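Reading through the structure tokens given below for one structure.
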Amino acid sequence: MGKKIFSGVQPTGNLHLGNYLGAITNFVELSNDNTNDCFFCVVDLHAITVNQDPKELRNNIRETVATFIASGIDPKKNTIFNQSRVSAHSEAAWILSCVARMGWLNRMTQFKEKAGKDKEKASIGLYSYPVLMAADILLYDTSHVPVGDDQKQHLELCRNIAQKFNSDFKKDDFLKIPEPLIQKDFSRIMSLKDGLKKMSKSELSDSSRINLTDTEDLIINKVKKAKTDPLPMPSTIDELENRPEAKNLLGIYSCLTNTKLENSIKNFSKKNFSDFKEILSQVLVDKIVPISQEIKKLLNDQNYLDKILLDGSEKANKIASEKVKKIHEIIGF
Ligand code: AMP
Ligand code: TRP
């Protein structure tokens, strides 16, 4: 039987190689299986948990849709929409926030990282962010959620919320318990400047990441400047343990070329990093530049992108509002 897929990406600009390899390639693969029913959501409500410039936000929403399509998601076969258009997400988030427990949310590491030292100044939305994410998923009776490894804890919380709702209201299978789908190898792509830090949209230095909108020259330059260590390329997997930058670059190469990590290590064993980097740049250029060009082309046709979001949200709205109606009945509204 086919899977019911739901995933979300924040429209906060700078979609990068980490998003691509950690999540979007998985979206594309799942969406290519015609037995699956896929929902890909531009989570604009999540984006405003930190300050956003309205004009940039609107552009970034369109850019996220363009990135989905340019990466190979067919908007005719899949539902692509933006979260704020489907009010059921906000409604369900409120209801589920009365089911979720403070103790559960207090354990979320993403909040701790994003709020930093001054938690008092973080928005309440940033804190309750995972509850909205649970609402997104549960409204569609989702069976599988493709995400990067950093979202594993949020998925676990979503499962706990669904189980508690079902047991509080004695409705065994009403909210479906979703399974995470996380890439087996390299579910976390690291910064090009620091192999111990996640590649991230919010990192100040643009050279820490390969953006999906980067040009050939930019990609070549960023790979050239990527941090390495003074030793030659490793020759065993064990060596990678203490060499995070080598591990990350070899991981990126392996993902992009569909090569087993062991074989990539063998191919480049004892070579200079500069030789490897030249080959890696070429692989990245071949993969990213066509996507980057397609994104730019799609962004010239805003009406097309807006129509996809409008159609998608109509489809999503039908399903999500039905589910909220049933939730109301169960609760006693
Ligand atoms: P976000 O940009 O935070 O909305 O993330 C969108 C998707 O990309 C989520 O599934 C994340 O788990 C995934 N993701 C973000 N950064 C990385 C990374 N550095 N490595 C792997 N996956 C990532
Ligand atoms: N929190 C996710 C992230 O930052 C985005 C997201 C929001 C999401 N709602 C979701 C992912 C539902 C999967 C399913 O990456």
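In this text, all values refer to a predicted model and were calculated from it rather than measured experimentally. Position 1 is the first residue of the sequence, and the numbers go up from there. Just so you know, ligand 1 is whichever comes first in the structure, and atom 1 is the first atom listed for that ligand.
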- request: Using side-chain hydrogen bond (donor to acceptor under 3.5 Å, both in side chains) as the criterion, point out the one residue from Lys197, Lys198, Lys193 that pairs with Glu203.
  value: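 When side-chain hydrogen bond (donor to acceptor under 3.5 Å, both in side chains) is applied between Glu203 and each of Lys197, Lys198, Lys193, only Lys197 qualifies.
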
message: Which residue in the set His46, His154, Gln10 passes side-chain hydrogen bond (donor to acceptor under 3.5 Å, both in side chains) when paired with Tyr129?
response: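 That would be Gln10.
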
NZ or CZ of Lys323 within 45° of Phe174 ring axis and under 6.0 Å: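 Checked: cation-pi criterion met.
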
- request: Go through Ser254 and Ser264 one step at a time and tell me if the side chain to side chain donor-acceptor pair (under 3.5 Å) criterion holds.
  value: CA-CA 6 Å; Ser254 304; Ser264 303; 2.8 Å; yes

query: Taking atom types as modelled, is there a side-chain donor on Asn272 or Ser274 under 3.5 Å from an acceptor on the other?
result: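 No, because no side-chain N or O of Asn272 sits under 3.5 Å from a partner of the opposite role on Ser274.
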
Please work out which of the three classes, parallel, tilted or perpendicular, describes the rings of [Y] and [X], given edges at 30° and 60°.
{"X": "Phe273", "Y": "Phe276", "result": "perpendicular"}
{"X": "Phe40", "Y": "Phe27", "result": "parallel"}
{"X": "Phe81", "Y": "Phe39", "result": "perpendicular"}

- request: Check whether any side-chain N or O of Glu239 sits under 3.5 Å from a backbone N or O of Ser235 as a donor-acceptor pair, and report yes or no.
  value: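 Here the side-chain-to-backbone pair exists.
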
Under 4.0 Å from ligand 2 - residues by heavy atom, chain and number: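 For ligand 2, the residues that come within the 4.0 Å heavy-atom cutoff are Phe6, Ser7, Gly8, Gln10, Val43, His46, Tyr129, Met133, Asp136, Ile137, Val145, Val147, Gln151.
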
Contact residues of ligand 1, where a non-hydrogen atom lies under 4.0 Å away: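 Shell around ligand 1 (4.0 Å, heavy atoms): Val9, Gln10, His16, Gly18, Asn19, Gly22, Ala23, Val147, Gly148, Asp150, Gln151, Ser187, Arg188, Ile189, Lys198, Met199, Lys201.
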
